[in-house]
Novice: 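Supplied in structure tokens, the structure appears directly below.
Reminder, nothing fancy here: chain letters follow the sequence lines and each chain counts from 1. FYI, side chains are in, hydrogens and waters are out, and symmetry mates aren't considered; it's all heavy atoms of this structure. All values reported here derive from a predicted model rather than from experimental measurement.
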Amino acid sequence: MRNVCPITQRELNAYFFSPIAYAVLAIFMLTLGILFMLTTFVAGGDSSLRQLVGLMPLVLAIFLPILTMRLLADEFRSGTIETLMTAPVDETEVILGKFFGALVFYCIMLLAMLAFAIVIAAFGRLDFGLLSATYIGLLLLGGLYIAVGVFFSACTSNQIIAAVCTIVPLMAFTFLADFLATKVSGFWGLILHHLSIQEHFGDFARGLVDLNDVVFFLTTAVLFLFFAVKVLESRRWR
Amino acid sequence: MIEVKNLCKRYGPVLAVDGISFDVSEGEIVGFLGPNGAGKTSTIRVLTCYHPATSGSARIGGYDVFTQSLEVRRLIGYLPESTPLYPEMRVREYLNFRGKLHGLSAGERGDAITRVTGRCWLKDFIDRPIGHLSKGMRQRVGLADALLCNPKVLVLDEPTIGLDPTQIRETRNLIKQLGQDHTILFSSHILSEVEQTCSRIIIIAGGKLIARGTPEELRHNISAESRLIAEVRGPSADVKSAVGGMGGVASVELAEVDGWCRLKIAGNGGSDIREPLAKLLHDRGWGVRELRRETPTLEDYFVKVIAQQSGAA
């Protein structure tokens, strides 16, 4: 696991050397700013990030795939995967390095988002317990999205395909599953209810850190990372 | 150091490498030669553990490339064909990153970077972004990367492609120097390059190994096929029949060039017929303005074996 750190570092550098990182960060803050003005920063609004955080599964399902799409797809396209995989590095190290690279960048986005919490603290009373739960939830949610993004980026050499393939299932499991769960009753309804990302994330947004949800996010993220490792390994025996 | 046995590589229905076997002993510089699409890169990628062989085996330094891939990758320095690099990184950053992947400590990385940038003439470009470098410079960065951890085995896939003549010469000399402490396998489709650098040559075409040996051995294979070129003034029909009737002559081609008969004489067997030919021409009283033996170059041999191979296929 010695090589995870250098790869993470390289990914972070690559983000900041390309305009993507700055564009994503700027548009992300702009979007949140507009949403914040519309939902929270109004007369009689809640003195919490709740309204804003409720929209985060949607916002992140668009922004995070843009961050993750290049992680492996670009290595395949430019051929650098050949130099990378012929160095003494194993597939798990590569996948974890890339995952943490994107995760660290996402943490920077979350830090920037604290600006809105500061605004609330300036105008009202900020509940730090709620804020902490929200941030734990956002970290887990982002971790899952990034893991899915890494998996799809490992499947193709085309960044656009990687992004679209990530956005579609994320949207489906965030909203469609939630919507269908209310329509379908019985066993399948229950399954959909448990698969809904919105449902699991909702608890954190309400200030509730439920072990159920934590386990859901962690195991699903690990599962996708495991698949990504297998996809990358498959090159060695194909 | 490198042992390859019956290596096959298949991409779907296409058989790219068809049962190649060869070995390279420690300290050798071996040239891996073949036309484009002969299976050079496919073979090299198996050796560097980038993809697996369909069948057969390959060992480097005693480690199997499939089952002991990490050990093999620690032993080799590899320059891939198109020298893929991260364009946004600076040369120093890139080499530092590669050093970390090879497990070098910070001190070792500093020393190694100084050593390889010196060897590959990169000192002045060390803080430039790779994306701003020319093709030749990038090739050097790739070579510096391959040398970084001082590997026992260097595998270079077309190291001189895209370089200008001066750079080609420099690279060739560098490879020769490196041969003193590394075992080198390098591929090329440029024969003269291989001839000047390598102690041994392996020629493949259509995925099959078609010839191997030292440059001298390969040249010896063809010296028997040398032919004579003569320009003679005389009646062309007589000249042709007289020369064609000599002992040791297999065939004669005759062409008239401004009043002279230009003869291309192929001998059968190794006997030198220059002296009897000169005597014959002198006896007949025909004027001679040229008589020389044309020894085929390795290049002719290369073209010939490749042609035989494609004819057989």
Novice: Counting neighbours of OH on B:Y11 that are heavy atoms of other residues, nucleotides or ligands and sit closer than 6.0 Å, is the number greater than 12?
Specialist: yes

Novice: Quick one, A:F217 and A:L139 - any side-chain contact, counting heavy atoms below 4.5 Å?
Specialist: no

Novice: Taking the side chain as everything from C-beta on, heavy atoms only, tell me whether A:P88 gets closer than 4.5 Å to B:L101.
Specialist: no

Novice: Within the supplied structure, the quantity of interest is the number of heavy atoms (other residues, nucleotides, ligands) at a distance under 6.0 Å from B:Y63 OH; does it exceed 12?
Specialist: no

Novice: Would you mind checking which part of A:S78 comes under 4.5 Å of any heavy atom in chain B, side chain (CB onward), backbone (N, CA, C, O), both or neither?
Specialist: backbone

Novice: Given the options A:T83, A:D90, A:N13, which has more heavy-atom pairs under 4.5 Å with chain B than any of the others?
Specialist: A:T83

Novice: If you define the side chain from C-beta out and look only at heavy atoms, does anything of B:I202 sit under 4.5 Å from B:L33?
Specialist: no

Novice: Among A:S18, A:A14, A:P6, who wins on heavy-atom pairs under 4.5 Å with chain B?
Specialist: A:P6

Novice: Measuring only between side-chain heavy atoms, which start at C-beta, is A:I81 closer than 4.5 Å to A:L232?
Specialist: yes

Novice: Using side-chain heavy atoms (C-beta onward) and a distance below 4.5 Å, is A:M29 in contact with A:F116?
Specialist: yes

Novice: Report the C-alpha separation of A:E75 and A:R70 in whole Å, then their side-chain angles, then the decisive distance to 0.1 Å, and conclude whether the salt bridge (Lys or Arg N to Asp or Glu O under 4.0 Å) test is met.
Specialist: CA-CA 8 Å; A:E75 299 256 5; A:R70 51 160 282 281; over 6 Å; no

Novice: Would you please name every residue forming a ring-ring contact (aromatic ring centres under 6.0 Å, His included) with A:F105, sequence neighbours left out?
Specialist: A:Y15, A:F16

Novice: Sub-4.5 Å heavy-atom contacts with chain A: which residues of residues 115-126 of chain B show up?
Specialist: none

Novice: So do the side chains of A:H200 and A:I197 get within less than 4.5 Å of each other, counting heavy atoms only?
Specialist: no

Novice: Please output the residues of residues 73-95 of chain B in contact with chain A, using a heavy-atom cutoff of under 4.5 Å, in numerical order.
Specialist: B:R73, B:R74, B:Y78, B:P80, B:P84, B:L85, B:Y86, B:E88, B:M89, B:E93, B:Y94

Novice: Where along residues 154-171 of chain A does a heavy atom come under 4.5 Å of chain B, listed by residue number?
Specialist: none

Novice: Is any side-chain heavy atom of B:L143 closer than 4.5 Å to one of B:L174?
Specialist: yes

Novice: Relative to chain B, which segment of A:Q9 carries a heavy atom at a distance below 4.5 Å: side chain, backbone, both, or neither?
Specialist: side chain

